[in-house]
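Quick note on labels: first sequence line is chain A, next is B, and so on, each numbered from 1. Keep in mind that what you see is a predicted model, and the values were worked out from it rather than measured.
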Amino acid sequence: MNSAVFHLSGPLHLCGKSHFIADEPPLQGQLYAKFLFSPVAHAQISNLDISAAEKIPGVIKIITADSIPGENQIGTVVKDEPLFPETEIMYVGQPIAMVLAENEYLAELAVKKIVLKYKELPAIFDPEEAYKEKQGYIQERIIARGDVETALKNAPFTLSGKTETSGQEHFYLESQRCLAVPMENSRIILHTATQSTMEVQEIASRILGIPVNDVIIEVPRLGGAFGGKERGATIWACMAALGAFLTQKPVLVKLTRDEDMHLTGKRHPFTSLWKVGFDEHGKILAYDILLLANGGAYTDLSIAILERAMFHSENAYYIPNIKIKGFACKTNLPPNTAFRGFGAPQGIFVIENILAKIAEQLKIDPLEIRLQNAYQNGDKTPYGQEISDCRLTDLFNILAEKTNYLALKQAVEVFNKNNTRFKRGIGIIPVKFGISFTTTLLNQGSALVWVYIDGSVSVSTGGVEMGQELSTKVAIVVAKVLGIPVHQIRVESSNSQRIGNASPTAASTGSDINGNAARIAAEKIKMALTECAVKLLKQKHQLNVSPEDIVFKEGKVFYKENPDACVNFEELVRFAHSERVPLAAYGYYKTPALWFDRDKGSGNPFHYFVWGVALAEVEMDTLLGEHKIIKLTVMHENGQTLNEEIDRGQIEGAIMQGIGWCTMEDLKWNEKGVYLSANPSTYKIPGIRNLPEELEIEMIPSATEEASVFGSKGIGEPPLIYGLSVFFALQAAAKEAKKDAELSFPATPESVLQCLDGLYPIG
Amino acid sequence: MKEQNLQTEIHLNQITFFLNGKQITEDVPAGISTLDWLHAKKQMFGTKCSCNEGDCGACTVVIAYPFEGIITYRAINSCLYPAAKLHGKHLITIEGLGTPENLHPIQQTLLKYHSLQCGYCTPGFVMSLFALLAMNSHPDQETILAALEGNLCRCGTYNSILKAAQELSAKFSPSEIVPEWCRNTEQDLYSFNETDTMFFTKTDIPQQVNCYLFPKTMKQLFDFYAEHPDANFIAGGTDIMVQKNIDRKVFPVLIDITNLPELNRLYLRQDGLHIGSAVTYQQLYESGIVKTDYPVLHKLLAQIASQQIRNLGTLGGNIANASPVGDTLPLLLVLDASLWLQSDLEIRQIPLNDFFVSYRKTALNKGEIIKEIIIPPVKSNSYIKFTKTSKSKSVDISSVITAVKIEYNEDIIINAALALGGVSALPMLSQKFTELLTGKKLSTINIDSVISEVEKEFEPLTDIRGTALYRKKLIQNHILLYFQELQKEEK
């Protein structure tokens, strides 16, 4: 459907004419914010002296915790995060004071004049240590089924271990920013780069001590977010709001790249401790896992992220006896936050790593062992949701056929036999990704559609455009309902005055929720227009037709048996207006049949699952630790896509982020909790040379009843998992060189050479 | 003289250049980057700022200027390019190419392939492609990758960008890529009448850079320096501008050496290849002499940073910067490179090996500059190779970089050199390697003992680019790699 529709903002982006916040001329009297950031991870503030800084000419105001008129609290899930700390500093980079000045240079000068005195306190960075000391955000959570202890005892084979995955910097190209502008009546408008308009609006109002309706949120679009602006934008929006509120001047808060990398939350590093029992065929009988999420200094979204990790711990496999425990650890890193996949990749990585170990021990083919354990229709997940519409076995078989798997495996064996320095490996990974916010209340959305007098259409939803082309998809949906060309539709910015109480654009639900709300609104208008069309066709063409036989297509409206006797859309709209028929509608959608009981660890948290499989072939240089990705092949089950090319872009992009996470993005901090790789010259994200040499993505349509708007499925996050196939291919290649090689995460050249230590003995 | 200078300092802080086809004369604050100038002074926000340190490519613009008889179009990071340098050039930004209603072929093709998502990196990619296609007829895959490796897209649209670039390469020639308004400026660029000297000052509020000077002669350069002993020299700016943008370092006076003809020469003499210190990596890479006579240098140049940086950065800057992981330094060391250093009083020649004194300290005296780098001719019967290990395949700084040279007489090694970067405070030659190999036949060398002896010479540190242990491992494996190749060659 509609592959010929291109990115609605594409021509603007390509000409540098698209509007991003703060990439615009400054407003008259605009002030610039710079911050004093905490130099320590954990400390008691003993004194904060701003007097010298205040005296600098051009410095308008210095804002600290004391200046906040409302409540100094930006937490949502748990109210535990102050905008500025009053007594206790919790992480390196935490904002302590904000300087507002006439220009950035003066603001920077003033920051240097602020004197902060503090008493350092012991800090924790390691999740295992936090777990031991019961430093966490919730009680240990559990999802269980069967009798794991007995099954482990009786299993023919068992393995146990610890698996770690590291964090990941979002590296959205557009840094965190907000431009706040004061309005009459003590109201304020926030031009904020957020994925969560409702959250920013509510929390800013809390900080300012004014009603929510006095804070107006306007989001034109985001220059990338990937989860980093779901919660991460809130603090900066509140800063700008506070500055503008107190000075009654426009205030710009805009982080530099290095600031953004140093002090914003990242993907949660996870440490997992596990035991697994299996039989001689590689069938997993029992799985006991404890997931420790490194949550950082405040709750943020850690609880939901941990929960999604738990929901995805078994990935695509039926495990009869399973106990999934999870703990969200409180540490003194910047509060870790949402990042595409939202915990699922961390959970999935562990079980896939285990499968690789079992396959190695039993000498079973990696594809075979996955088929052996794959979910079948009728199975239930550990939390009791029934699996239906699962075509995993098919997908594996199609993948094997497409890649000529047996021949490929043989070729790799031959290559490895003939080469010592270079080794090849194959990695295979399936994905089952649950779509819906696991916090059920977020699964609702609104849209507002206006048809104007000339037939042109304006659509607002609560969704935020951040490159995923939500707006293009929403336009496609509305165009389809109203039977008009896509270019006749404008999808508007996200604005709280048009759409209130909007859920974050996240969890791969953007087009499901907002697309459906827009569909519902458009259908309401269409219904009203249909009544008018009956009248108009009678007037104009003397046709007597019933409403259900009216067709809206390509800007024309006609009786289905007689397309020639038509009225055009604009004509119908004018007619409807003259008949005093409403030409606007509000659409509301909530995802059906969702529930989850957190105490019991059971329920139906997902609307549906997205399924897919990937295979990677890599070649490793065992001397230099480098690698190349020879091929990556994906079979992605995709419902009835709204636009295949948009979805392909999402799959490719997610894969690149997955590859980056598991092979090169090396997020390190020192013993003081300072991020070391906090600029683009030390933290490397994939570039064009990191593309697989051959990248084949096949989208397999499915006629699923459960999918969402017009049979489409969420696309943002699931494909990130495919990137992990590269890690497992590298692990396989390393084992070809050295049998007991254990590749650590991420698979940088350093990690590769470390696991191959002793391969080239010297002396 | 001094009085006259002062006067010009007040009045002549204007430059003349072309901006998207139109000639303009503008006040340019000293040291302001082209990116900041576009945003602050022209309110042109199509060019995006993402990292402000030359690593992401979002701020890519194209400059055009006469070079070796043609108008050359180069992609550069506008965040690293002092706007003062624009004098006499043509600055082409995203605002100059197509419009949404009338897209340039590059923009059209990117749209067709869905080669963009959030759009923030998009103008940078368009400009990189523009420079690539303006200069190359039907570039091959490697040339395309080289042109785009300096542009990051976190949405990960590389695959479709590559497909679009391949189609552009197949379908279009430079004549169809460079618009008429661009061609129309070319004649003016050739005949651009440069003013004698340009001075840039800003005195009202303190700035990071108060004065930016363009000497036109060597004499003027040293006069300026005598007048401003606190001055720093700037060539490509790829390091100084990062210190300015990110570390917020103050440079009271910058003396730009790139307009000096003496420092822009590239010529072959009996004693070897002479490279002026303002010659860019890209000029070297494109040089026929380098390609044929120094193929290993040619290869190394391709692995330095990104296209945008290669278009600005200079070999002289890499040397003067004296970073222990400077990409070119180990290779230049094994090639026995030497330097001509010039002050207002004298020119002296010193071997590169004597130039590096201690961590980031060089033998340069105050007021002395590198004039030329001399690389002796490469002997025919020799093995020369370098190995760069870094986290990323491209646009990365090495964990360890090494270079090796073995010269034979018949099958006897008469000259052996191994240089390493990233394993000590300065790039360094291994004494042991030379000792243990010279005068020997390859087959009689105990490789293990060479490796362990060389390893003992160095005490690498642990930092973000690798642990000490890892770096030791890399020393071993790089040497092993060289011997493996040597043995293969011998067979």
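- Contacts between Leu152(B) and chain A at a heavy-atom distance below 4.5 Å involve backbone atoms as well as side-chain atoms.
- Within the 4.5 angstrom heavy-atom criterion, no atom of Arg471(B) approaches chain A.
- Contacts of Asp757(A) with chain B are made by both backbone and side-chain atoms, with heavy-atom separations under 4.5 Å.
- In terms of modelled atom types and a separation under 3.5 Å, the side chain of Gln468(A) and the main chain of Met466(A) share a donor-acceptor contact.
- Residues forming a salt bridge (Lys or Arg N to Asp or Glu O under 4.0 Å) with Lys42(B) (at least two apart in sequence, or on another chain): Glu26(B).
- Contact of Thr748(A) with chain B is made through the side chain alone, with heavy-atom distances under 4.5 Å.
- Listed here is the closest heavy atom pair of Leu8(A) and Ser471(A): CD1-O, 3.7 Å.
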List the steps and the verdict of side chain to side chain donor-acceptor pair (under 3.5 Å) for Gln176(A) and Asp260(A). CA-CA 7 Å; Gln176(A) 298 280 0; Asp260(A) 202 314; 4.8 Å; no
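- The most heavy-atom pairs under 4.5 Å with chain B, out of His19(A), Glu465(A), Glu24(A), come from Glu24(A).
- Between chain A and the options Ile144(B), Thr467(B), Leu103(B), heavy-atom pairs under 4.5 Å are most frequent for Thr467(B).
- Closest approach of Phe6(A) to Leu111(B), counting heavy atoms only: CD2-O, 3.5 Å.
- In this structure, chain A has heavy atoms under 4.5 Å from both the backbone and the side chain of Gln107(B).
- With sequence neighbours excluded, no residue satisfies salt bridge (Lys or Arg N to Asp or Glu O under 4.0 Å) with Arg465(B).
- Of the two parts of Gln754(A), neither the backbone nor the side chain holds a non-hydrogen atom closer than 4.5 Å to a non-hydrogen atom of chain B.
- Looking at Glu149(B), both its backbone and its side chain come within 4.5 Å of chain A, counting heavy atoms on both sides.
- Of the listed residues (Met44(B), Glu455(B), Glu95(B), Lys112(B)), the one with the most heavy-atom contacts under 4.5 Å to chain A is Lys112(B).
- Note: Arg248(B) leads Arg248(B), His39(B), Gln476(B) in heavy-atom pairs under 4.5 Å with chain A.
- Both the backbone and the side chain of Asp396(B) come within contact range of chain A, each with at least one heavy atom under 4.5 Å from a heavy atom of that chain.
- Counted by atom type alone, Asn151(B) and Ser128(B) present one or more donor-acceptor pairs between their side chains at under 3.5 Å.
- Chain B forms the most heavy-atom pairs under 4.5 Å with one residue out of Met656(A), Met664(A), His7(A), and that residue is His7(A).
- Gln650(A) touches chain B through backbone and side chain together, each having a heavy atom under 4.5 Å away.
- Counting only N and O atoms by type, the side chains of Asn679(A) and Thr682(A) include a donor and acceptor under 3.5 Å apart.
- A donor-acceptor distance shorter than 3.5 angstrom exists from the side chain of Ser175(A) to the backbone of Leu255(A), with no hydrogens or angles considered.
- Looking at Glu142(B), the atoms closer than 4.5 Å to chain A (heavy atoms on both sides) sit in the backbone and in the side chain alike.
- Both the backbone and the side chain of Asp23(A) have a heavy atom closer than 4.5 Å to some heavy atom of chain B.
- Going from atom CG of Leu481(B) over to atom OH of Tyr760(A) covers 9.5 Å, rounded to the nearest 0.5 Å.
- Comparing Leu97(B), Leu480(B), Asn52(B) by heavy-atom pairs within less than 4.5 Å of chain A, the highest count is held by Leu480(B).
- Among the candidates Gln117(B), His104(B), Arg154(B), the residue making the largest number of heavy-atom pairs closer than 4.5 Å to chain A is Arg154(B).
- Heavy atoms closer than 4.5 Å to chain A are found nowhere in Ser115(B), neither backbone nor side chain.
- Rounded to the nearest 0.5 Å, atoms CG (Leu12(A)) and OG1 (Thr122(B)) are 11.0 Å apart.
- Looking at Ala40(B), there are no atoms closer than 4.5 Å to chain A (heavy atoms on both sides), in backbone or side chain.
- Contacts with chain B were tallied for Pro686(A), Gly224(A), Pro692(A); Pro686(A) has the most, counting heavy-atom pairs under 4.5 Å.
- Donor-acceptor pairing under 3.5 Å is recorded for the side chains of His13(A) and Ser18(A).
- No donor-acceptor contact under 3.5 angstrom links the side chains of Asn643(A) and Thr472(A), judged on distance only.
- The aromatic rings of Phe20(A) and Tyr120(B) sit perpendicular to each other, their planes meeting at more than 60°, with 30° as the lower class boundary.
- There is no contact between Thr256(A) and chain B, counting heavy-atom distances below 4.5 Å.
- Using a 3.5 Å distance cut-off with no hydrogens or angles, the side chains of Arg421(A) and Gln484(B) do not pair a donor with an acceptor.
- Contacts with chain B were tallied for Lys684(A), Lys668(A), Glu174(A), Glu750(A); Glu750(A) has the most, counting heavy-atom pairs under 4.5 Å.
- Annotation: maximal heavy-atom pairing with chain A below 4.5 Å, among Val126(B), Asn159(B), Leu145(B), occurs at Asn159(B).
- The contact between Thr622(A) and chain B is made entirely by backbone atoms, counting heavy-atom distances below 4.5 Å.
- The residue among Gly10(A), Pro25(A), Gly223(A), Gly653(A) with the most heavy atom pairs within less than 4.5 Å of chain B is Pro25(A).
- Contacts between Leu116(B) and chain A at a heavy-atom distance below 4.5 Å involve backbone atoms as well as side-chain atoms.
- At least one donor-acceptor pair closer than 3.5 Å links the side chain of Asn477(B) to the backbone N or O of Leu623(A).
- Heavy atoms closer than 4.5 Å to chain B are found nowhere in Glu259(A), neither backbone nor side chain.
- Neither the backbone nor the side chain of Thr157(B) comes within less than 4.5 Å of any heavy atom in chain A.
- Using a 30° and 60° split on the angle between ring planes, Tyr482(B) and His478(B) fall in the perpendicular class, above 60°.
- Ranked by heavy-atom pairs under 4.5 Å with chain B, the list Leu691(A), Leu106(A), Leu676(A) is led by Leu691(A).
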